[in-house]
Amino acid sequence: MTPTHHPSDALLISYASGSLGAGMSMVVASHLTLCPDCRGRVATAEAMGGALLDSLAADELAPDALERMMARLDEPAPPPRPRPPARRDGLVLPTPLLDVTGPITDGSWRRLAPGIRQIEVVPRDRRGGSVRLFRIAPGSVMPHHGHRGIELTLVLSGSYTDELGTFDRGDFAETDGDTHHQPVADAGAECVCLIATEAPLRFRDLIPRLMQPFFGI
Ligand SMILES: [Zn+2]
């Protein structure tokens, strides 16, 4: 199944340029294992990043370079490089996640609330950022957790629905502190999802940082 919800261009560019925090970067990388389209967009962004650095080095950067770079992200993606996810504990979990957690067994999960179990993948940092893997029984409402900053959600099994739509395996949701939503695991199967939160400053500084070379700010 091809995912229908994807990371924004800004997020993919910051991933490709290495300016995302480790936790968020891992969640994006996990989506990429399930999404040929976004793998192609990242490959394009990486290629353009190299060209951009060459241009900057040559001091010949055109004023509309960022605009053209963003437009090129909408061009057809190059052929995907398949990278099959690993299968553990009856779940098919992405390799970038397993690289951090190691093998996941039934004993890895901690009960958070009735119908909800979690694994703390990256413990909460000083600024409130964390990455957690949730396992949510059908019909259960996901916990609300520190929605002060950017939140990335990747569905790995089952599905959930909220005000933004229905999210299936591989689908990606990117929300910020202004988004109010109440995800509910859909009936039929348990929903497993990976959720990264990060304090707002780090991400919101990103666009100005990207723009900096173009505007001399
Ligand atoms: Zn995608």
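Basis for what follows: all heavy atoms, side chains included, without hydrogens, waters or symmetry-related copies. In this text, all values refer to a predicted model and were calculated from it rather than measured experimentally. Whatever order the structure lists ligands and atoms in, that order sets their numbers, starting from 1.
- Atoms of the protein (N, O or S only) found under 2.8 Å from the Zn ion (ligand 1) are H6 ND1, H31 NE2, C35 SG, C38 SG.
- For the pair D171 (side chain) and H5 (backbone), a donor-acceptor distance under 3.5 Å is present.
- When all heavy atoms of L32 and R39 are compared, the closest pair comes out as O-NH1, 2.6 Å.
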- Given the rule in the side-chain contact (heavy atoms from CB on, under 4.5 Å) test, do V131 and V100 qualify, once you have shown the distances and angles that lead to the verdict? CA-CA 11 Å; V131 182; V100 176; over 6 Å; no
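- Side chain of Q118 to backbone of R132: no donor-acceptor contact under 3.5 angstrom is found.
- For the residue pair M26 and L97, the shortest heavy atom distance occurs at SD-CA, 3.8 Å.
- A137 and A185 make their closest contact through O-CB, 3.4 Å (heavy atoms, listed as atom of the first residue, atom of the second, distance).
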